[in-house]
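To start, the structure itself, in structure tokens.
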Amino acid sequence: MKFGMMFKDVSGALFKKPFTENYPAEPTETPDRLRGSLVWDPDSCTGCGLCARDCPAMAIEIEVIDKKAKHYQMTYHIDRCTFCGQCVESCNQGSLVMEGGEWELASLSREPFTEVGERPPLVVEETE
Amino acid sequence: MQPQKTEQFTVPIGPQHPALKEPSSFLISVDGEVVTNAIVRLGYAHRGIEKATESRTYVQNLYLLERICGICSHIHGTAFAMGVERLAGVEVPPRAQAIRLIIAELERIHSHMLWLGVGAHQGGFDALFMFSWRDRETVMDLLESISGNRVNYSANVLGGVKFDLTAAHIGDILKALDYLEERTHHYLKVVTTDASFLQRTRGIGTMTRHQAEVLGAIGPTARASGVLRDVRIEAPYGAYVDHPVTTITDDRGDLEARFAVRIKELFESYRLIREVLDDLPPGDIKTRVKRKIPEGEAAFRVEAPRGELFYFIKSDGTDIPSRVKVRTPTICNMTSVVKLAVGHQLADVPMILAGIDPCFSCNDRMVRVNRNNGSDGWTWEQLRQHGIEYYKQRSQDYDPLVVG
């Protein structure tokens, strides 16, 4: 039986820099796989809506405006998103990316937390 | 001469963070400083998750169930995913099983280190608390680099895992394990030799082997009383079939034994992770699972850091489960706290409670009370009337208030 078993750790720590990070004064390095807000690539999206169906937080809405012209609108509610990454997993076209997205998402209002993206309609040339 | 009338004095502890930062209520009857009776009341953090699973698809439920516990989130996801895979008759690729095991063991390391800190803090040993939590960050950083999240890693998908391990990850894990192993040796020495801390743990909350069996204790709490209870050995699942675990037991049953068992389990986790990384099977990390799960029932048991975690899943052939039942380890160990506290000093109660590594929001489940008058519960209006009467008795009149 001894006393002061942690004394060496405690006294040694007096001469070391704090272990905690000085965020936000000093920016933090984040791992490559850190999941941030979702990035949608409208060009490859087929509007199948699997991402919206599988989302556990109901954060994604896909609206098909014109199926023939491949005209879709995607609404992404960042404030509902839990960043689980299931939408990226469900997307068969690779149109969604979460890794490396924006993660510093603090805001004083709710407006920036709803992103609306649109895939422009294809121009179909009329042939006689 | 009439005998002196003795009065029982009851100390209410909680529901606002009793010892730990989660709500539960303890009514401790004391005679002087000595505890004579203890009553526990749970249910303050009930979230209705089991019911919520019945209106979500299997894929969505994976993430909902992961949020039952913030510390052992991966093992909840694993238990549910493996149960659904069993129902669907899907064989998960060996590489996915190995990655599930590695993340589960990393999770066990961070859970046990978290508990070591909490246990030390309850005993007033804040130096150990802070240094063990500093070293726990090593594991948290590893999990963040592998999965992208510090907690709720969402590593599981139905049919496998989301993330593969790269050579860089494996290098980082092995390096971190060497550091943690060295630190863990130090912590084991501290909790078994530091005189001031041993006064708080040696001979406190002793649970005999017989008591552990009768009270239905599980996990490290039972193993510290010499009961060999570990799902990884009794019913190996996933990669544990090929990589058996050596169970750590201790016969003493007191708080010191619980500290020793949990810290020694860390060494076993380090060994297991190294063994699996050494022999990581190549191949795919996921396989396809159909959205509609065939009709049937599945029960699945896994070993969470706190003990046996049980999942029951019933499918009616659609993509939404008809019933999911979860039994978390804390509920099994809670009776032991009530029994063991009797006869100890009141100051030892937080240590005894922390000794089982409780997680209150995990264990809060709905209880259905069958009344003698035939009705099986109260309506919302009856409940409100009861509330008004209750507060009137305490001279607070809420009757004029209009709710809703």
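Chain naming here is simple, since letters A, B, ... match the order of the sequence lines and numbering starts at 1 in each.
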Legend entry - Nearest-0.5 Å distance that lies between atom OG in B:S196 and atom CE in A:M6: 11.5 Å

Inset, instruction - Flag the pair A:R53 and B:D319 as a salt bridge only when some basic side-chain nitrogen lies within less than 4.0 angstrom of an acidic carboxylate oxygen. - result: yes

Legend entry - Whether over 12 other heavy atoms sit under 6.0 Å from A:E102 CD: yes

Legend entry - A:L34 versus B:G148, closest heavy-atom pair with distance: CD1-O, 3.3 Å

Inset, instruction - With the side chain counted from C-beta on, respond yes when B:F197 and A:M5 share a heavy-atom pair under 4.5 Å apart, and no when they do not. - result: no

Inset, instruction - Let me know if B:Y153 has heavy atoms under 4.5 Å from chain A in its side chain, its backbone, both or neither. - result: backbone

Inset, instruction - List the steps and the verdict of salt bridge (Lys or Arg N to Asp or Glu O under 4.0 Å) for A:D54 and B:R291. - result: CA-CA 10 Å; A:D54 280 348; B:R291 282 174 184 271; 2.7 Å; yes

Legend entry - Under 4.5 Å from any heavy atom of chain B - which part of A:E89: side chain

Inset, instruction - Return yes if some donor-acceptor pair links the side-chain N/O of A:R33 with the main-chain N/O of B:N149 below 3.5 Å, else return no. - result: no

Legend entry - Contacting moiety of B:E66, where chain A heavy atoms sit under 4.5 Å: neither

Legend entry - Leading residue by heavy atom contact count with chain B [cutoff under 4.5 Å; candidates A:T82, A:T20, A:T30, A:D32]: A:T82

Inset, instruction - Tabulate, in ascending numerical order, the residues of residues 173-191 of chain B having at least one heavy atom closer than 4.5 Å to a heavy atom of chain A, or enter 'none'. - result: B:R183, B:H186, B:Y187, B:K189, B:V190

Legend entry - Per-residue contact mode, A:P31 against chain B (heavy atom under 4.5 angstrom): side chain

Inset, instruction - Look at atom NZ of B:K286 and say whether more than 12 heavy atoms of other residues, nucleotides or ligands are closer to it than 6.0 Å. - result: yes

Legend entry - Which atoms of B:L198 approach chain A - backbone, side chain, both or neither, heavy atom under 4.5 Å: side chain

Inset, instruction - Supply the atom-to-atom distance A:F19 CZ to B:F131 CZ, rounded to the nearest 0.5 angstrom. - result: 10.5 Å

Legend entry - More than 12 heavy atoms of other groups within 6.0 Å of A:L14 CG: yes

Legend entry - B:R150, part contacting chain A, at a heavy-atom distance under 4.5 Å: neither

Legend entry - A:F83 versus chain B, the contacting section by heavy-atom distance below 4.5 Å: backbone

Legend entry - B:D194 side chain to A:F3 backbone, donor-acceptor under 3.5 Å: no

Legend entry - Among the listed options A:G36, A:C84, A:C55, A:A13, the residue most often paired with chain B at heavy-atom distances under 4.5 Å: A:C84

